[in-house]
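One structure is given here, and the rest of the page talks about it.
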Amino acid sequence: MNKKSLVPYLMLMPAMAMLAVFIYGLFNGILQSFGLLKSAGLNKFTLEYYSETFRNGNLLNSIKVSLIISAVSSVIAVILGVVLSYLFCRTGFVNKRAYNIFKLPIVIPHIVVATLVINLFSQSGLLARLCNLLGIIGSQQEFIPMVFDEKFKGVILGYVWKEVPFIVLVVATIMSNIDGNLGEAAQNLGASPFKAFIYVTLPLCFPSIAMVFIIIFTYSFGAYELPMLLGPTFPKALPVQAYIEYTHPELAHRPYAMVLNTIMIVITIAFAIAYHFLIKKINKKVEVRAYD
Amino acid sequence: SGSNKKGAVDRTDFGAVLAAAKGTTVNFYGWGGSELTNKWIDNYLAKYVKENYDIKINRVPMDIDQILNKMIGEKQANVKKGSVDLVWINGENFNTAMKNDLLFGPFTDYLPNYEKYVDVNSDEVKYDFGYEINGFEAPYGKAQFVFINNPEATPQASKSAEELLEYAKNYKGRVTYPAPPDFTGSAFVRNIIYDIVGYDMVKNLSADKEEVYNAIKPAIDYLKELKPYLWKEGKTYPSTIAQLDNMYADGEVIMTMSYNPNHVAAMIQTGQFPESSQSFIFDKGTIGNTHFLAIPANAANIDGALAVINAVLTPQMQASKYVPENWGDLPVVDMNKLNEEEKELFTAVKIGKGVLPPEELLSKRVGELKADVVPIIEEIWQEEIMK
Amino acid sequence: MKGLILMQLELRDVTVSIGGNTILKNVSLEVEKGEIICLLGESGCGKSTLLKTIAGILRQDSGKIFIEGKDNDGVPVEKRGTVIVFQDLRLFPHMNVFENVEFGMKIRGVPKAERIRTVQAAINSVGLSGLEKRKITEISGGQRQRVALARAIVLKPKLLLLDEPFSSLDESLKDAMRELVLNIHKQTGITTIIVTHDKKDALIMANKIAVMKRGEILQYGPAKEVYENPASREVADYFGNMNYFKGKVVSNTFYCSHFKIEAPVEDGTYSVMIRPKDLEITQEGDFEIEDIKYLGDRYSIQIKKDGDCFNILKENCDNFKLNQKVGIKFDPSKIIYFKEKEN
Amino acid sequence: MKGLILMQLELRDVTVSIGGNTILKNVSLEVEKGEIICLLGESGCGKSTLLKTIAGILRQDSGKIFIEGKDNDGVPVEKRGTVIVFQDLRLFPHMNVFENVEFGMKIRGVPKAERIRTVQAAINSVGLSGLEKRKITEISGGQRQRVALARAIVLKPKLLLLDEPFSSLDESLKDAMRELVLNIHKQTGITTIIVTHDKKDALIMANKIAVMKRGEILQYGPAKEVYENPASREVADYFGNMNYFKGKVVSNTFYCSHFKIEAPVEDGTYSVMIRPKDLEITQEGDFEIEDIKYLGDRYSIQIKKDGDCFNILKENCDNFKLNQKVGIKFDPSKIIYFKEKEN
Amino acid sequence: MIKRALIKLIVFLALVSIVIPLLIILIWSFASSWPWPYMMPQNFSLRGIEEFFGGYSGAVNSMFTSVLVGIGTAAFAVLISIPAARAIKLYDFHGKSIVDFLLLLPVIVPATSFAMGIQVLFIRTKLNDTIFGVILAHTIVSLPYTVRIMAEVVTAIGNKYEVQAYVLGANKKDTLLKITIPLLMPGLVSAFSMAFIISMGQYFLTFLIGGGAVVTLPIRMFPYIQSGDRQIASMYSLMFILITLVVLLISDKLVRRYYNFESTYFFS
Ligand SMILES: Nc1ncnc2c1ncn2[C@@H]1O[C@H](COP(=O)(O)OP(=O)(O)OP(=O)(O)O)[C@@H](O)[C@H]1O
Ligand SMILES: Nc1ncnc2c1ncn2[C@@H]1O[C@H](COP(=O)(O)OP(=O)(O)OP(=O)(O)O)[C@@H](O)[C@H]1O
Ligand SMILES: [Mg+2]
Ligand SMILES: [Mg+2]
């Protein structure tokens, strides 16, 4: 393995070309946020749009709301996903045919998920009807508002429904390998199945879990479909706000959208970098593959 | 799309336009959320232009703000042959398009049917939300705001804002309206303003927030009074009219509304609304507007677009559009310009279930506000009512 | 006798099947406290399965397993007091050497001070002091082997189960590890079962040997006895290439095509087994030397007559050459009779 | 001499480094056509690296490799005419037995009829007929080994390179495989280099042995010569535990604390090496028997005096018991002198 | 025993919570009215079927467009990912860790942010409104997934079989076709499936880059979801799910006919 060889760079060329387009897109957006948008007659660098966006009190609220949505949904999804992965491995369910049903939500786009949530959890949804049927509630109003509410319960539910299977798909495979092998070893050394899971299986799955966590976290932070279709009128999640600004018919309004976009980019990349360093640290500890 | 050589066609000769348009495809962009509307375009209009002009219509379902966005993007990149040939537009969006030089025109003079069937001097054809059209748009259809409820479930049909308040008090938590800037929700707020302060007090307002605020203050107070009796105590509102419709269909609320007077018929027909649903309007009237068709400045197939617009303006198309099962959109042709045979096309149309007769609608029809005042009202609503 | 000695481990008619295949068939085994037992048998015969069943990782379909006289049916893995050292070691890659060895004690809640003392002692005793902080990926194969061993012995299990502990080591490392296991056994007296396919392991370390084939124990007894008096050809063959002479015994005389000899067995068809080291060659006879192989400290000589081949191990073979004609000679007390089915 | 015999393989001062570490240092090696060479050496000494370099998988930093007299610098792997059988076999998992063996010939565009004939013959010769259609996962370890071998020999390579071909096999399977390789070699005469760490492999199969340590060849010569006259303690130690007596030679007499003896070497400090099988014990003396191990066909006896331990291999030890006092005896012609550095 | 039953129950509940919402989609596809407080629809109609298969709506065309774009994206993404994954896993080079990080970006940064910035570039390069442009954009957002899946497979098999092929005399081309590709096949199918799923589900990106010229299923479906026509939206969703699964199954079966392997990422 020669470090100076050109071969790997050549092999990476196509992927890098794609990435270049991607990064061009990001930079282009960021430039526009500083008021550099020729076609709208804007070509002076200015922080105007930022200061105005920050002055409008809604921004911090939007960031807060988005962070809460993504943090809560991702944490719930990861916990559920890991627990289910564990149970699925334990019961051998991963090898059953019915397990495939569990992968279905991965295929379903978020806009459809939104309708699912409304069908089930709105005040006239199936769950409310069931409660009504069972006499738990007398009218629709008594059903806890889960959709279009300021706590974004519906949005969170939607994300959880879609993300848990994704986590299971990634984690269960890895987990069943570790659990069958090293988990057995741990039990044999006196650990109960639960302790074996906590001390051995979980730490070894951690890199993959962290990986999916960062993916779903940043995704739910930046996606507008669910909060737009299931969120309340106010407050608005950051991506929804950005989307609304972006679709503002005035071209000169574009920089406002790009300011919000830039803020999202900065926040997500900050998380990604934090993740990258964290995972590097952990990977140094857990070189499962190198060892196998 | 178009294969015609731009500039080579003498558009004052409609025959030449049709010749250039023959065999081309027109990319028709517009809102696509209604099965009926889509179906009418796909099944009637498309068929008509195919048979008569040999033109294909490619309907692209897209919201108008997104369409404008696309046009702006193309302009930003200096695209000469754009992807949009024909666009369904009106009001504020038309204003934006004009301000950004996005539209082709004036073109109405090229259309034989425009002069032939349309009352070119009526305000509704000359102005779009208070903006002068100047031949950059051709009328497509007319709409009017109506309320919808089910008299069998809740007998009272409110004749005014005051009655509506009582109604809401009686059925606490089961009345609401979509949050502006939803198109219908915004219209609802304007209707309330008309009813409380009167159309004349607001129709000449300029786009000055202070001035607007002072003018509509009584209506804002009314909405504040209404708020606690609304669905979820007015803490949140349906974000789209669709959501409100579904809530009405499911019985979660007892009243909905629409900017399409025939909407109720369509919903009853598909079984979504209860059979006994009925539209109603305030005694002081409700807002009506006209929606239009326009051609982007960089359209690749201008001739095709012209031909399609001309087709839209035929009595046949206008009448088939008026049929409730097809769409139920109010016609824009001037009845006085039609011959008997053509008039018969319209009189033969049976209005749908729950729809108010056209005479009542037209007699209680109020004009739209200036387009640039609308966002200011929406902003005020956000600040005063929402928070 | 049986009832008097407390058995550390007793298997009674244990049958195990995996995925519908019966892997172990009515296996019975008794191990006394402090003994070292070696399990021998060809690949796939069920050795690992047996260990896993004893440890509770697999569950038997029928039969009973007693550890220190207690029926272990339903006792979960972690409560059996048995520890396996797996063939593939299964060291925890996210822990260093010390943490690996410490793991079991930590789980048991042993106080920190005691833990550190015990773990350090164990690490020293397997000769790994100084490597405590190393990651598992940073130590060699032989060192890993020792970590796995240390990890098991710190727990002072009732039963230590070693699954082919030396199979992937150099000859010299193997010798050292064997010494290590014996030393540890001497110190701790832990009852130990070792799976191996090296007869040298078995003979050097085991008190008793169990030879398995196709899920059954063919023979179980003291190491030397099993080796010297194999109960069947199958057992004998496991210890290397043997020489067999097929013939008949009629009134206390064994007749075969190469010799006849007095035989202390009843009449019938027999195969007579002579080990390569017990067969000697003489200068005269009608066998021909086919091949001479130099093994370093010995020679392996192959002779042939009438299509029958025989192997002889000799300390030196200065007097013999390829293709030379030779005779054979053996001590009749060293031969073993296996009765064959009459055809 | 050198110039006259055409060498099948010649390495001249080959140096190889990986990731900045020099793995092979100035290795030179000459192999004649038709020879079998065994490479011995402890784990990590560079045996596999050497094979890979010969095959062209790794590139030397300096030095030359000649195959059939042709400089192979820059010749890619697939054009060298060398074939490695890797230790991990690397059978293609998506092909069956037949397809695996066929692969190389197919690649070379050998006509189908001939291909089928050759492949079938090879499969038969390694005793796998009937398993042609089996997937790789459906055959046992020993069978896989043979598929790998067959896959290599059908290509009739100029050089066959076997990397620890028997290391993971049962003793009896190992014997069988050794026979197989020797048979194939007899039939084809392919020049073969075998990496192993089992001296038995080396002594049985090799014409010549090369003993490596830390990237260098310590000794290279005929098998028996290397074993019997190791050039250094390091080489000798590789073949097992030896007995060393440290002492001085003064005017042709070797003095050490346990004995003195006539010595045909110049004055100096020496270690005298006696192999365990060459050391004998007598009934009288002041050594004590520390341990007796039964190895099946031999006994390993450990004796001790003044803290020095020695190993003896004996065919039987009926006359000796643990803790008995004994003396030692040996044939002076069997001992080897290693000169030590003076302190 | 109680514990086992409890675990079984949880697994069952998990399954139910997946199946029920999907069942509702199925029911809604044929329900014309389903008012409060009924647990079952009061009226059924085939309006959804008519809309989708009636021929006028272009839904079937959109379905083909979606599948075309999806397959194009998947093929493209996989082709790019193979060398990239191999470079990362089998070579050591300067900037490896940066590349690793950059390859994660398209999944980290909101697709909308990137799409808004990229639109003008695509318009300028005339990629806008073309299927190829849409495929390109979809490929970018699929790359992090496909590269990672391929990287896992590459790590698992390494390059040892290729070296073996060279040793047996195979040249680069033969080795690629007869050894590398077949061995990577399970990973290829997984990566392909993932990219296909991602492409199928894209709305905003397709809409910005495809304009109206590339009308995929989500583009047709979105207005109905927004306008709240539940029956038609459900029918679109249903068909969307079905067609996605059908394509995935077919590609899996097709590949399995030529290469046998145990399992892939998406199918087990
Ligand atoms: N999970 C399993 N499913 C089905 N069969 C299995 C399983 N595990 C082992 N076997 C079979 O059980 C038999 C015994 O396996 P076991 O691992 O106990 O053999 P072993 O004696 O340890 O062999 P080795 O010396 O190769 O380790 C083998 O024939 C094997 O194929
Ligand atoms: N890819 C590599 N990068 C760095 N060092 C390596 C690499 N491969 C091998 N080495 C080092 O090169 C040395 C020789 O390795 P090689 O595989 O040739 O040993 P070997 O003699 O075959 O050992 P074994 O008997 O264990 O197979 C070892 O010390 C090893 O650590
Ligand atoms: Mg085993
Ligand atoms: Mg090696």
Side-chain angles (χ1 to χ4, degrees), chain A residues 1 3 5 7-9 11-12 14-15 18-19 21-22 24-26 28-29 84 87-88 90-91 93-95 98-109 111-112 114-116 119-120 124 126 129 132-133 140 215 218 222-224 239 242-243 246 257 261 264-265 268-269 272 276 289, chain E residues 7-8 10-11 14-15 18-19 21-22 24-25 28 36-39 80-81 83-84 86-87 91-94 99 101-110 112-118 120-121 139-140 143 147 155 197 201 203 218 221-222 225 230 233-234 237 240-241 244-245 266-268:
Chain A
M1 288 211 202
K3 264 206 169 192
S5 165
V7 177
Y9 297 106
M11 292 166 81
L12 279 166
M18 291 283 150
L19 271 183
V21 173
F22 178 80
Y24 170 88
L26 292 194
N28 195 26
L84 283 179
L87 293 182
F88 286 0
R90 262 291 135 88
T91 52
F93 183 62
V94 269
N95 303 318
Y99 177 61
N100 285 315
I101 293 177
F102 211 77
K103 298 171 182 168
L104 278 179
I106 295 164
V107 180
I108 296 170
I111 49 175
V112 176
T115 60
L116 293 184
N119 284 341
L120 260 178
S124 60
L126 220 61
R129 294 175 195 213
N132 182 60
L133 193 73
Q140 289 156 317
I215 288 176
T218 51
Y224 71 96
Y243 180 80
Y246 185 74
N261 266 333
M264 283 199 284
I265 293 170
T268 48
I269 290 188
H276 198 68
R289 272 205 194 86
Chain E
I7 291 178
K8 280 239 164 80
I10 294 175
V11 171
L15 267 185
I18 300 296
V19 171
L22 296 177
I24 295 179
I25 284 204
W28 255 121
W36 173 273
Y38 301 104
M39 292 301 290
I80 293 174
S81 300
R86 289 171 60 82
Y91 290 82
D92 205 8
F93 55 91
H94 292 289
V99 167
F101 179 71
L102 286 182
L103 274 173
L104 192 62
L105 274 191
V107 55
I108 296 290
V109 174
T112 47
S113 306
F114 140 72
M116 292 177 193
I118 208 70
V120 176
L121 174 75
T139 303
I140 292 173
L143 269 188
V147 170
T155 320
I197 291 168
Y203 169 70
M221 176 160 68
F222 195 73
I225 287 177
R230 285 174 287 192
S234 295
S237 307
F240 177 93
I241 295 165
T244 309
L245 291 181
F266 197 74
F267 300 94
S268 65

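Predicted model, so just to flag it, every value in this text is computed and none were measured. Labels below follow one simple rule: chain letters A, B, ... track the order of the sequence lines, proteins then strands, and each chain is numbered from 1. Side chains included, hydrogens not; waters and symmetry mates left out as well; all remaining heavy atoms used.
Proximity to chain E (any heavy atom under 4.5 Å) is restricted, for A/Thr115, to the side chain, taken from C-beta onward. For chain A, the nearby part of E/Phe240 is the side chain; its heavy atoms alone come within less than 4.5 Å. Of the two parts of E/Val19, only the side chain, counted from C-beta on, holds a non-hydrogen atom closer than 4.5 Å to a non-hydrogen atom of chain A. The parts of E/Ile108 that come within reach of chain A are both its backbone and its side chain, each placing non-hydrogen atoms under 4.5 angstrom from that chain. Using a 4.5 Å cut-off between heavy atoms, E/Leu143 contacts chain A through its side chain alone, with no backbone atom that close. Within the 4.5 angstrom heavy-atom criterion, atoms from both the backbone and the side chain of A/Ile111 approach chain E.
Looking only at distances, no side-chain donor or acceptor of A/Tyr9 sits under 3.5 Å from a matching main-chain atom of E/Ala87. A donor-acceptor pair under 3.5 Å is absent between the side-chain atoms of A/Arg129 and the main chain of E/Met39, judged by distance alone.
For A/Thr268 against E/Val109, the heavy-atom pair with the smallest separation is OG1-CA, 4.0 Å.
With a 4.5 Å cut-off on side-chain heavy atoms, E/Thr139 and A/Met18 count as touching. The shortest distance between side-chain heavy atoms of A/Asn28 and E/Leu121 does not fall below 4.5 Å.
With sequence neighbours left out, A/Phe22 forms a ring-ring contact (aromatic ring centres under 6.0 Å, His included) with E/Phe114.
Of the listed residues E/Leu102, E/Val147, E/Thr112, the one with more heavy-atom pairs under 4.5 angstrom with chain A than any other is E/Leu102. Your options are E/Ala115, E/Pro106, E/Pro37, and the one with the most heavy-atom pairs under 4.5 Å with chain A is E/Pro106.
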